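Just so you know, ligand 1 is whichever comes first in the structure, and atom 1 is the first atom listed for that ligand. Heavy atoms only: backbone and side chains are in, while hydrogens, waters and symmetry mates are out. These figures come from a predicted structure and were not determined experimentally.
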Amino acid sequence: MQVITTCAEMSRLSWAAERPLGLVPTMGALHEGHLSLVRQARTDSAAMAASIFVNPTQFGPNEDFATYPRSLERDLELLQAEGADLVFVPPPHEVYPDGFDTWVEPGSIAEGMEGAARPGHFRGVATVVAKLFTIIRPDRAYFGQKDGQQVAVIRKMNADLNLGVDVVTMPTIREPDGLALSSRNAYLSAEERETAPAVYRALCAAEDIWRRGERDAGRIQRAAHNILSREPLIDAVDYVSTVDAETMQPLETVPDHRPVMIAIAVRLGPVRLIDNVVLG
Ligand code: AMP
């Protein structure tokens, strides 16, 4: 496994790598969610690359960029054990040198939900992923459904800009009690950790009434709100949204012939938890 810190060297080695080349972009602090992507990339590809880059441009000024969990040594051990060939770990100035001033600005797909709660977030995500795709030129890149709007934004950018990468979406990996794995779960206190699975329970309650025939998005969302409102430690429900799973546009009625995503974001102590289910 080679660990690379410069864009030039990463491009050179990716160019020389066997094909197909699979890429798993991450911000590190790896857990089983990330590793499920890595394993699929390894299975599908002749060569496998991962990136570990806590991307400053996707964090807002009052967000946790400085304190985001970092565990590079352990991450590299895990990637080595999974059979990664190339790991790209650039310092911030390598990705954003002085004078960097060109951005990928997603459109309406990035306006709601996380885009509304975190202005500029998806501009940072789309820009860094476009750069990774350009530096590494992977045949396939793997993303988690856990960040459902993120993968939709990346799919749309990849199509709109003809980047030519096969974008693969992988299912959300959860704790046995339903909590979606996330690097930020480490910030939760014991009590908050006990509350956290309410988010997935709320999604399941929404999915359940849809399964029983409900198609009105307001009523479906209310089923989720009812679960969340019983949890005193949840400080705020940022949103419960019913959206077209491809375009991220809000829906009033759940159609029968298009994939639909129900997404939730809540604030629980120091953490914003996000999760979603795709109906069907
Ligand atoms: P991050 O390091 O948080 O930027 O995540 C890197 C990739 O791992 C993204 O594509 C995430 O959607 C994915 N990921 C994070 N958590 C999970 C999870 N619990 N299950 C599946 N994929 C995940």
Would you check whether [X] has a nitrogen or oxygen atom less than 3.5 angstrom from a nitrogen or oxygen atom of ligand 1?
| X | answer |
| --- | --- |
| His34 | yes |
| Leu181 | yes |
| Phe143 | no |
| Leu37 | no |
| Asp147 | yes |

Could you please spell out the steps behind the side chain to side chain contact (heavy atoms under 4.5 Å, CB included) verdict for Leu23 and Arg140? CA-CA 6 Å; Leu23 170 66; Arg140 303 194 188 98; over 6 Å; no
Among protein heavy atoms, which sits nearest to [atom], and what does the distance come to when rounded to 0.1 Å?
| atom | answer |
| --- | --- |
| atom 21 (C) of ligand 1 | Pro171 O, 3.4 Å |
| atom 4 (O) of ligand 1 | Met27 CG, 3.5 Å |
| atom 20 (N) of ligand 1 | Ile173 N, 2.9 Å |

Given Glu175, Gln150, Gln58, Arg184, which one has a non-hydrogen atom that is nearest to atom 9 (C) of ligand 1?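 When every heavy atom of Glu175, Gln150, Gln58, Arg184 is considered, Gln150 comes closest to atom 9 (C) of ligand 1.
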If you take the nearest heavy atom of each of Pro25, Gly144, Gly28, which one is closest to atom 6 (C) of ligand 1?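 Among Pro25, Gly144, Gly28, the closest heavy atom to atom 6 (C) of ligand 1 belongs to Pro25.
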Cation-aromatic face contact Arg70/Phe65, 6.0 Å, 45 degrees: yes
Between Tyr68 and Tyr96, is there a shared hydrophobic cluster once you connect ILVMFWY residues whose side-chain heavy atoms come closer than 4.5 Å? no
Give the cluster check for Leu72 versus Met10: same hydrophobic cluster or not, with ILVMFWY residues linked at side-chain heavy-atom distances below 4.5 Å.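 No, Leu72 and Met10 fall in different hydrophobic clusters.
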Mark up the atoms of ligand 1 that fall under 4.0 Å of a heavy atom belonging to Thr26, in ascending order. 2 (O), 6 (C)
Against ligand 1, does Ala29 come closer than 4.0 Å with any heavy atom? no
contact_flag His31 ligand 1 heavy-atom lt 4.0 Å: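 Contact check His31 vs ligand 1: positive.
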With heavy atoms only and a cut-off of under 4.0 Å, state how Lys146 meets ligand 1: side chain, backbone, both or neither. side chain
Worked verdict on Thr242 versus Gln221 for side chain to side chain contact (heavy atoms under 4.5 Å, CB included): CA-CA 7 Å; Thr242 307; Gln221 288 158 205; 2.6 Å; yes
Chi angles and distances behind the side chain to side chain contact (heavy atoms under 4.5 Å, CB included) call for Ser241, Met113: CA-CA 8 Å; Ser241 297; Met113 299 190 293; 3.7 Å; yes
Are side-chain N/O atoms of Tyr187 and Glu192 paired as donor and acceptor at under 3.5 Å? no
Just checking, is any N or O donor in the side chain of Asp177 or Tyr200 under 3.5 Å from an acceptor N or O on the other one? no
Could you go through the side-chain hydrogen bond (donor to acceptor under 3.5 Å, both in side chains) check for Asn276 and Gln145 one step at a time? CA-CA 8 Å; Asn276 67 82; Gln145 178 59 36; 2.8 Å; yes
